[in-house]
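I have placed the structure first, in the form of structure tokens, so that the comments after it can refer back to it.
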Amino acid sequence: MKVRRVRTAALLGASLVCASALTACGQATSANTINLYSAPEENLQHNVDRCNAQSGGKYDIVYHKLPRDADGQREQMVRRLAAGDTGMDLLYLDVTWTGEFAEANWVREWTGADKAEVERDTLPGPLETATWQGKLYAAPKNTNVQLLWYRKDLVPEPPKTWNEMISTAQRLEREGKPHWITLTGAQFEGLYVHYNTLLESAGGHVLSDDGKQAVVDEGAVRGLEALRDLGTAGVTSPGMNNAEEDDARQEFETGQSAFQLNWPFVYASMQEEKPELAKKVGWARVPGLDAGVPSKSTIGGANYAVSSYSTKPELSFEAAKCLRDKESQKFSAINDGVPPTIESLYSDPELQAEYPMHETILQALKDPGMRPVTPAAQNVSTVLSNMLSPIAEIDPQATAERMRREVQNALESKGVMP
């Protein structure tokens, strides 16, 4: 990966706007203007410029930057869409927002030739994140999946199970060697992602298949046990409970960690910031819970949706297709560190050269963990992140009982969000 874009992807899965929350600054109003509202990406303007040139004047995409954090992005768009704002055409949606935006009738369904073009050669997992009740409401822009990053000089072969990772870290500690297991333990979506990977790997569920009932089954309890075991094993850093993605990256780069659970953006950072350390680092799929059973790492990413209030929906669909086509996704993968949703790109020699871990990423993407699809996804994430932190204080059975109550309340918009 080219090292100039190392910071961007850290913020995309989770993600200044020149406008207030309800008014766009300097918003263009010409007949062919397509207003794109997206998380900040260092090199997205390149794709915008290419698509504008390629359209031959048919449309002119104007890129408006949303806040950098995911909560701020969602809040700004929700407030404007709830007001029926016609100034937004193309929307960048986190993969967890599809159900909410579709159920509220804020985004248009993809149909006909547009739908067929989006579905062609797109990996099933990312497509699922863009689907609600069997209908496609967004076009997968990029995907993401966490890997296990490990010190090859300390651990010649990566651990295959969660318990093996913990016991290996404890052995390294006894030997006086770098041993931390670095992960995002702060009370936010990143912690929920780790938990979802564990419960999915155990075949568990927090919600029913229709997303309307809290179930929190035995697989979900096993996920709680695994997180608790890590939190009480004595192999995490003092700052783990406050760490988000970039904090975890920086912690691993201190050289005190043996393992890191994080997104692929960390590879480019090591190449730039710690090249000698990078030579010692390997990657593998996140450890599973059972020997011989691969994990189901939770996928992230973003999708493009067309606002129901756009006055130029046809042009917006055309612009969206260009912004997520093969050329755009390849450029973003190489320059912004976000893995593509188009499967054939993983066979592209240039992309392979920039992504030496491409095979591992693709393997994980073909057998992914999925966060529950529900219009209440934001509420569910907030409640779960609150109950999971700090992980050392998880009481699996008691926490599971509380989860059943509070997740159900979140689904029904009852009570007060933490």
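One is the number of the first residue; the rest follow in order along the sequence.
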Validation row: Asn262, Thr182 side chains within 4.5 angstrom (heavy atoms): no
Pair Arg371, Tyr192: side-chain N/O donor-acceptor within cut-off below 3.5 Å: no
Whether over 12 other heavy atoms sit under 6.0 Å from Lys321 NZ: yes
Nearest-0.5 Å distance that lies between atom CD1 in Ile34 and atom SG in Cys51: 12.0 Å
Side chain proximity check, Trp97 to Gln73, heavy atoms < 4.5 angstrom: yes
Polar side-chain atom of Glu109 near backbone of Leu136 as donor-acceptor pair, under 3.5 Å: no
His358 and Tyr346 aromatic centres sub-6.0 Å: no
Mutual orientation of the aromatic rings belonging to Phe101 and Trp106 [parallel < 30°, tilted 30-60°, perpendicular > 60°]: perpendicular
Leu388 and Ile394: CA distance, side-chain angles, deciding distance, side-chain contact (heavy atoms from CB on, under 4.5 Å) verdict: CA-CA 7 Å; Leu388 295 170; Ile394 292 173; 4.1 Å; yes
Side chain proximity check, Leu93 to Met77, heavy atoms < 4.5 angstrom: yes
Worked verdict on Phe259 versus Leu148 for side-chain contact (heavy atoms from CB on, under 4.5 Å): CA-CA 7 Å; Phe259 304 106; Leu148 171 69; 3.9 Å; yes
Chi angles and distances behind the side-chain hydrogen bond (donor to acceptor under 3.5 Å, both in side chains) call for Thr161, Asn163: CA-CA 5 Å; Thr161 68; Asn163 286 337; 5.8 Å; no
CD on Gln397 to CG on Leu224, rounded to 0.5 Å: 9.0 Å
N/O donor-acceptor pair under 3.5 Å between Ser295 side chain and Val286 backbone: yes
Ser389 side chain vs Ser385 backbone, donor-acceptor pair below 3.5 Å: no
Test salt bridge (charged side-chain N to carboxylate O under 4.0 Å, His left out) applied to Glu225 and Arg222, step by step: CA-CA 5 Å; Glu225 291 171 344; Arg222 282 197 68 196; 5.1 Å; no
Carboxylate-amine/guanidinium contact Arg404 Glu401, below 4.0 Å: yes
Sidechain-backbone polar pair: Thr399 side chain, Asp395 backbone, donor-acceptor under 3.5 Å: yes
Spatial distance of atom NE2 (His194) from atom CG (Leu261) [nearest 0.5 Å]: 5.5 Å
Close side-chain approach of Leu277 to Arg151, heavy-atom, < 4.5 Å: yes
Heavy-atom donor-acceptor pair, Gln256 side chain to His179 backbone, under 3.5 Å: no
Intermediate values then yes/no, side-chain contact (heavy atoms from CB on, under 4.5 Å), Lys65 and Tyr92: CA-CA 10 Å; Lys65 292 182 181 180; Tyr92 166 108; over 6 Å; no
Atom pair CH2 (Trp180) and CG (Leu172), whose distance is rounded to the nearest 0.5 Å: 14.0 Å
Non-hydrogen side-chain atoms of Leu90 and Leu323 separated by less than 4.5 Å: yes
Thr197 and Gln146 side chains, donor-acceptor separation under 3.5 Å: no
Charged N-O contact under 4.0 Å between Glu273 and Arg249: no
CG/Asp209: more than 12 non-hydrogen atoms of other groups inside 6.0 Å: no
Exam field: side chain Gln329 to backbone Thr341, donor-acceptor pair closer than 3.5 Å: yes
Residue pair Ile334 / Tyr355: nearest heavy atoms and the distance that separates them: N-CE1, 4.3 Å
Whether Asp325 side chain and Glu327 backbone form a donor-acceptor pair below 3.5 Å: yes
Exceeds 12 heavy-atom contacts within 6.0 angstrom, atom CD of Gln45: yes
Distance-only polar pair, side chains of Thr129 and Asn303, donor-acceptor under 3.5 Å: yes
pair Ser237-Phe252: side-chain heavy atoms closer than 4.5 Å: no
Least distance between heavy atoms, Leu183 atom then Ala243 atom: O-CB, 3.8 Å
Mutual orientation of the aromatic rings belonging to Tyr267 and Trp283 [parallel < 30°, tilted 30-60°, perpendicular > 60°]: perpendicular
Closest contact, heavy atoms only, Thr131 versus Thr98: N-CG2, 4.0 Å
Donor-acceptor pair between Asn47 and Ser332 side chains, under 3.5 angstrom: yes
N/O donor-acceptor pair under 3.5 Å between Glu343 side chain and Leu123 backbone: no
Within-4.5 Å side-chain heavy-atom neighbours: Pro340 and Leu351: yes
Point-to-point distance, once rounded to the nearest 0.5 Å, from CG of Leu191 to CD1 of Ile391: 7.0 Å
Verdict with supporting geometry, Gln378 and Asp71, side-chain contact (heavy atoms from CB on, under 4.5 Å): CA-CA 9 Å; Gln378 188 70 19; Asp71 288 345; 2.9 Å; yes
Side chain Ser201, main chain Gly288, donor-acceptor under 3.5 Å: no
Minimum heavy-atom distance Val306-Ser316, with the two atoms named: CG1-CB, 3.7 Å
Expected output: side-chain Asp247 to main-chain Thr184 donor-acceptor under 3.5 Å: no
Check: Thr96/Asp94 side-chain N/O donor and acceptor closer than 3.5 Å: yes
Smallest separation among heavy atoms of Asp217 and Gly204, with atom names: OD1-CA, 3.3 Å
Lys/Arg-Asp/Glu bridge criterion (N-O < 4.0 Å) met for Arg120, Glu117: no
Salt-bridge criterion met for Arg285 and Asp367 (N-O under 4.0 Å): yes
Arg108 bridged to Asp114 by N-O distance under 4.0 Å: no
Heavy atoms of other groups near Glu175 CD, more than 12 under 6.0 Å: yes
Interatomic spacing from CG in Asn105 to CD in Glu103 - rounded to 0.5 Å: 7.5 Å
Smallest separation among heavy atoms of Trp162 and Pro287, with atom names: N-CB, 3.6 Å
Non-hydrogen side-chain atoms of Val193 and Glu245 separated by less than 4.5 Å: no
